[in-house]
Amino acid sequence: MTTAQLLALDTIVLALVAGCWLGGGVAAVLAGRDRSPRTARIAAGLVVAALVCTALRVALTVGLAGAGWWFAADKLLLALPLVVVPGLVAAVISLPRLVRLAPGGAAVAGPILIAGYGGLGGVAAALTVSYPVSPVAAGVITGLVAGASVPTWRMLSGHPPSRRWSAAGGTAVLCFAVVWAGGAVWSSRLPDRLNLSAHHGSGAVAVPGHSGTGALPGRQVSVTDLRESAAAERPARSFTLTARPADITLASGRVVRAWTFDGRVPGPTIRVRQGELVEVRLRNQMPDLAVTLHWHGYHVPAGDDGVAGVTQDAVRPGGEFVYRFRATDPGSYWYHSHDMANPAVRMGLFGMFVVDPVDPADTGGAAGDKDATGRAALSDHTVVLHTLGVAGTVAVDDQVPADGLARLRVAPGTPVRLRVAATDNVPRTLGLSGVPYRLTAVDGRDLTRPGRLDDRRLRLAAGGRYDLTFTMPSRPVLLSVDGRDDLGLLVTGGEGAAPPPARGPVLDITSYGQAAPSSTGPFDREITWVLDRRFALLDGVPMLAHTVNGRVWPDIETPVVREGELIRITVVNRGRDTHPMHPHGHHVLVLSRDGRPVTTGPLWMDTFDVGPGEVWEVALRADNPGIWMSHCHDLGHASLGMTFHLAYEGITTPFDAGRASGNHPE
Ligand code: C2O
Ligand code: CU
């Protein structure tokens, strides 16, 4: 069984455990009162069922522990003891008496009911406790179970607590609950101003004997100084992007209201050549929305990362900001606003950013995709998948987005490169049919010797990019989205009907190719991100939040690293959602998934999809000083807590996030 299946089964068994023990307890109370053999039999049956379910939960927990302590700690330390201890007493003392119909009062029904309370405690733990186990939450749950058990026991043994004691106890519990909840709500409120300047070392464990070479202790550098100097050189390429609302007419004629750059969605493609100094002037003409530009996947200097409240103040209506950086890394990237990122991106404030290599031969795709003369005249296109209003759309280059099949004409024999980006909050399944193809690049980085794919499908993470290459055949080629024949891109050269969408198996990108990972340590630092979903207070509001190490923004620890360090990050998904993890300013080298080493050479990603129950190990080279937001690129999850940072020692920011700051990065 996969870890995800174990987790799903555990959720079901968890409810059964609580239900059977409670049901058995109530039946045992009734059997004792009515002296009814039938009720006693029902009670005994329920207790046996409860014991079986409890044993099953223990077995599932052992299985989960095999997949990693992260998955089992809450159960072994909290949920199971609460039910197993009274459950064993019930099995040894209560069950035989029930079967014999022996009178027993508290000794019969008590342990069974208490096991039921323990089962409920397990449900509460599943809803509120993650990894690591919070001692406060564990204490409160244990206290509640004990607090319910004591009066129950007294009642069953014929000594109900006196009125006065019940009243006093009830009042005390109520006062405690009110004070505790009030305090929790208050302390979870987002502060008016929140500054992310790097403090020393929380959350990252330094490996003894290793340390980086970077900033000297005590030296402080502001992110605003981590920028390309403005005076030194005239930019080779200048662009202006103006944020403004607009009505977008899709290819079908349907009109959608959008937030745009230059009146278009996606915004204009910014395409430059490797080595050029690029300048992009952002102007804000939105009536009441602040905007920024974040260069997703691109390693800009920290001061140009475009995160409101961390690397700049959000650009207010009427304002502007100039980004300036050198385009050193060829590949496919995208840009988007990073203030209130979730609505901003959903409504259209994004576009493609492509850096062409200096040597155009590098863009020719994989070997073997050359034309007859050996010289590839590449047909190179961006393909952006985004939902606008209710319509799934496919935007090719700077054409009007198609809410259906986009079309492209390419002469047979031409090498083609499609740079596909998924800009929604959900992953997309791509299929390319009608031609063998290669997955040439992932998140802007070329793979070495990617193999030929026939009819295979690909899963592209939310925020990720795949470059697909092939040589145009004489018959049409279909890039299908999510298996649909009416959403995607139809590339035609000669004659013929569109092929059906690819139906083959989904490629496992961690085992695509032959080479082994090029970096396996030694590591200077270890960071663990355990992803989960649980009830938490987010800015004072209780909700089912998305958590990292049991916490939500802004309480998630910020690991502080040193320039030059090699860091191993372990990402564990304890929940049932897929989380496309996106550290800003860096790519990570994927080392392993679920303990299996990656054999794709080398797999560098800036947005990697951590599925339910999965454990990813990735390496990050700290070579870009700054304060870097990291988050789930399901931007809905990011806004429900899954937003955190990675900071370099000695880096400060003059900008604040928080209520009064006007900056809302997530
Ligand atoms: Cu597309 Cu914070 O990222
Ligand atoms: Cu997520």
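When a ligand or atom number is given, it counts from 1 through the structure's own listing order. Note that the structure is a prediction, hence the values are computed from the model and not measured.
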Inset, instruction - Identify, with sequence neighbours excluded, every residue that meets side chain to side chain donor-acceptor pair (under 3.5 Å) alongside T240. - result: none
Inset, instruction - Would you confirm whether the ring centroid of H584 sits within less than 6.0 angstrom of the ring centroid of H631? - result: yes
Inset, instruction - Check the side chains of S592 and E617 for a donor-acceptor pair under 3.5 angstrom, ignoring hydrogens and angles. - result: yes
Inset, instruction - Please check if the distance between the ring centroids of W616 and F608 is under 6.0 Å. - result: yes
Inset, instruction - Run through the protein N/O/S atoms less than 2.8 Å from atom 2 (Cu) of ligand 1 and write them out by chain and number. - result: H338 NE2, H584 NE2, H631 NE2
Inset, instruction - Measure from the ring center of W628 to the ring center of H645 and say whether it is less than 6.0 Å. - result: no
Inset, instruction - Look at the rings of F353 and W295 and say which category their plane angle falls in: under 30° parallel, 30 to 60° tilted, over 60° perpendicular. - result: perpendicular
Legend entry - Any side-chain donor near an acceptor of the partner, H637 and H579, under 3.5 Å: yes
Legend entry - Criterion ring pair (Phe, Tyr, Trp, His ring centres under 6.0 Å) on F71 and Y131, from CA distance to verdict: CA-CA 8 Å; F71 297 107; Y131 181 90; 9.2 Å; no
Inset, instruction - Sort by chain and number the protein N/O/S atoms that are closer than 2.8 Å to the Cu ion (ligand 2), and list them. - result: H579 ND1, C632 SG, H637 ND1
Legend entry - Pairs flagged by salt bridge (Lys or Arg N to Asp or Glu O under 4.0 Å) wherever residues 579-588 is involved - sequence neighbours left out: none
